[in-house]
Amino acid sequence: MNPRARFLAALRGEAVDRPPVWLMRQAGRYLPQYREVRRQHGFWEVCRQPELSTLVAREPLERLSLDAAIVFSDILTVPEAMGLGVTFGPGEGPRLVNTLSTAADLSAWTVDGVAQRLSFVSEAVRHLRTTLEDRYGILGFAGAPFTLFAYATEGGGSDDFAKARIMLHQQPWLAQKALGILADVAAEYLAAQADAGADCVQLFDTWGGLLDAEDYARFCVPALRRITQPLAARGVPVLLFVRGGAHLLPVLADTGAHGFSLDWRVDWREARARFPRSILQGNVDPILLMAGADVARDRVRHLLATMLETSQYRRCIVNLGHGIHKDTDPDAVHAFCDEVTRHG
Ligand code: 1CP
């Protein structure tokens with residue numbers, strides 16, 4: 001089966017020879033060529049030049065047996081385009097200059113013209129689609145509203161994103177307004193990526209798992225529905241990844257997502273029993289790729305056996321439970337993908 005045909009069949013719930021595979025952060029710092037490109041170009045420069053973004057998005061496809069590419073970009077394109085001033089220092093996480101703590105901060109967000117300022121991402125998707133033709137699936141993506149809200153309030157990475165969680169309860173109206181704006185921008189942004197050639201889109205809620213189910217249902221689910229509803233109306237499948245979200249499975253059904261990218265701590269069988277008709281993606285612990293090629297192969301065999309037994313391989317996509325760690329040996333990643341292809 002052609003990789004894109006396999007990816008599309010999985011998204012539609014059709015029979016496949018084996019589940020398709022792609023990996024979160026498949027184009028990234030664990031690849032020597034990526035690091036070489038980054039020595040010569042700034043992060044935003046790589047994202048903004050379609051030739052460079054396609055180059056790095058294709059690198060993993062050339063080395064590994066993958067069925068889909070993810071556009072090279074970042075979830076922080078959206079706050080950057082809304083005037084929050086996002087920079088990536090060497091070897092550290094992102095920094096945001098204009099953080100959100102008051103209603104005045106929110107009024108300063110530049111929502112007018114944001115789609116135009118984000119158009120470089122759909123241009124990157126278009127360039128990638130033209131280059132890959134119909135050989136591979138393509139995923140577009142965006143940060144989920146809560147995760148972007150978390151960076152906007154904190155001004156950078158954090159272990160607990162306390163400012164965001166405090167704001168939800170101290171200024172709930174402000175938090176809800178911010179989440180609604182982020183959701184509406186994401187809906188339009190993802191639709192543009194689909195129009196440019198993405199076969200499906202993924203929402204990354206990397207920090208959503210910090211919330212309990214009640215807060216997730218109150219603040220995140222309504223914002224997520226503002227994204228999934230218009231995309232569903234356009235026939236664009238939306239996958240939702242919530243890191244550390246095992247306790248949120250009961251409320252995720254209400255998000256309207258077409259499928260779920262499972263964190264490594266989620267029990268696959270439990271998720272399948274809860275979501276018999278949804279796409280499920282995941283969910284090998286990415287840290288275990290650092291245990292070497294044999295462990296990587298073993299984990300794939302175990303996952304595929306579960307996928308076969310519970311789902312006859314239908315509506316399943318092989319992936320990790322979070323992004324590849326930058327210190328991972330590319331040979332272990334190769335072994336992981338190769339093992340998937342042995343099960344066709
Ligand atoms: O120095 C560098 O080269 C920058 C490292 C890097 C890369 C490779 C960043 C900065 N972003 C990216 C690309 C990226 N980011 C992709 C496309 C590549 C691919 O997947 O193949 C994607 C999908 C993302 C998404 C992303 N960015 C997320 C969600 C996924 C996740 O890993 O949880 C998050 C949280 C970010 C924020 C971000 N951007 C970059 C870094 C180092 C971080 C994390 C910062 C933190 O710890 O808070």
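Whatever order the structure lists them in is the order used to number ligands and atoms, beginning at 1. Here, residue 1 is the first one in the sequence, and each next residue gets the next number. Everything quoted here is computed from the prediction, not taken from an experiment.
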Exercise for review: Measure the shortest side-chain to side-chain distance between L106 and L100 over non-hydrogen atoms and say whether it is less than 4.5 angstrom.
Suggested key: yes
Review point. A27 heavy atoms, cut-off 4.0 Å: which ligand 1 atoms fall inside?
Key: 18 (C), 19 (C), 21 (O)
**Study point:** Nearest protein heavy atom with distance in Å, relative to atom 7 (C) of ligand 1
**Key:** F43 CE1, 3.6 Å
Check your understanding: Against heavy atoms of I75, which atoms of ligand 1 measure under 4.0 Å?
Key -> 25 (C), 26 (C), 27 (N), 28 (C), 34 (C), 35 (C), 36 (C)
**Study point:** Sub-4.0 Å heavy-atom approach of H322 to ligand 1
**Key:** yes
Point to revise | Between Q281 and W22, a side-chain donor and acceptor under 3.5 Å | key: yes
Review point. Should you measure from each heavy atom of R38, which atoms of ligand 1 turn up under 4.0 Å away?
Key: 1 (O), 2 (C), 3 (O)
Check your understanding: Using 4.0 Å as the upper bound for N to carboxylate O, is an ion pair formed by R297 and D338?
Key -> yes
Review point. If we only count heavy atoms from C-beta on, is the L304 to V318 side-chain gap below 4.5 Å?
Key: yes
Practice item. Please test R129 against D199 for salt bridge (charged side-chain N to carboxylate O under 4.0 Å, His left out), starting from the C-alpha separation and ending with a verdict. Key: CA-CA 10 Å; R129 173 54 78 206; D199 297 310; 2.9 Å; yes
Exercise for review: Run the numbers for me: atoms of ligand 1, each under 4.0 Å from some heavy atom of I70, listed by number.
Suggested key: 19 (C), 20 (O), 21 (O), 23 (C)
Check your understanding: Which of the atoms of ligand 1 are close to F72, meaning less than 4.0 Å from one of its heavy atoms?
Key -> 8 (C), 13 (C), 18 (C)
Point to revise | G157 neighbourhood, listing ligand 1 atoms whose heavy-atom distance to it stays under 4.0 Å | key: 48 (O)
Practice item. Just need the protein heavy atom nearest to atom 48 (O) of ligand 1, so name the residue and atom and give the distance. Key: Y151 OH, 2.5 Å
Check your understanding: Is the centre of the F241 ring less than 6.0 Å from the centre of the F260 ring?
Key -> no
Practice item. Name the closest protein heavy atom to atom 5 (C) of ligand 1, giving the residue it belongs to and the distance to 0.1 Å. Key: R29 NE, 3.6 Å
Practice item. Return the residue, atom name and 0.1 Å-rounded distance of the protein heavy atom closest to atom 30 (C) of ligand 1. Key: F204 CD2, 3.4 Å
Study note, to complete from the structure: Taking only non-hydrogen atoms of S73 and a 4.0 Å limit, the atoms of ligand 1 in range are 13 (C), 14 (C), 15 (N), 16 (C), 17 (C)
Check your understanding: Step by step, would you call R226 with D184 a salt bridge (charged side-chain N to carboxylate O under 4.0 Å, His left out)?
Key -> CA-CA 7 Å; R226 282 166 82 148; D184 294 345; 2.6 Å; yes
Practice item. Only heavy atoms count here, so choose which of I324, V56, T206 is nearest to atom 29 (C) of ligand 1. Key: T206
Practice item. Around atom 28 (C) of ligand 1, find the nearest protein heavy atom and jot down its residue, atom name and distance. Key: R25 NH2, 3.5 Å
Point to revise | atom 8 (C) of ligand 1 [closest protein heavy-atom partner, distance rounded to 0.1 Å] | key: Y34 OH, 3.4 Å
Exercise for review: Would you please test L239 and L203 for side chain to side chain contact (heavy atoms under 4.5 Å, CB included) and show each step?
Suggested key: CA-CA 6 Å; L239 304 176; L203 282 165; over 6 Å; no
Point to revise | Q170 vs I166, side chain to side chain contact (heavy atoms under 4.5 Å, CB included): CA-CA, chis, key distance, verdict | key: CA-CA 6 Å; Q170 259 184 355; I166 291 168; 3.5 Å; yes
Point to revise | Check ion pair E45-R48 (N to O, under 4.0 angstrom) | key: no
Practice item. Give the C-alpha distance, both sets of side-chain angles, the deciding distance and a yes or no for side chain to side chain contact (heavy atoms under 4.5 Å, CB included) between V242 and D263. Key: CA-CA 7 Å; V242 186; D263 172 276; over 6 Å; no
Point to revise | atom 39 (N) of ligand 1 [closest protein heavy-atom partner, distance rounded to 0.1 Å] | key: D74 OD1, 2.8 Å
Exercise for review: Just say parallel, tilted or perpendicular for the rings of W264 and H322, cut-offs at 30° and 60°.
Suggested key: parallel
Practice item. Specify the protein heavy atom at minimum distance from atom 10 (C) of ligand 1: its residue, its atom name, and the distance to 0.1 Å. Key: F88 CE2, 3.4 Å
Revision key, fill the gap. The answer for which part of F141 has a heavy atom under 4.0 Å from ligand 1 is side chain
**Study point:** Polar atom proximity, W207 to ligand 1 (N or O, under 3.5 Å)
**Key:** no
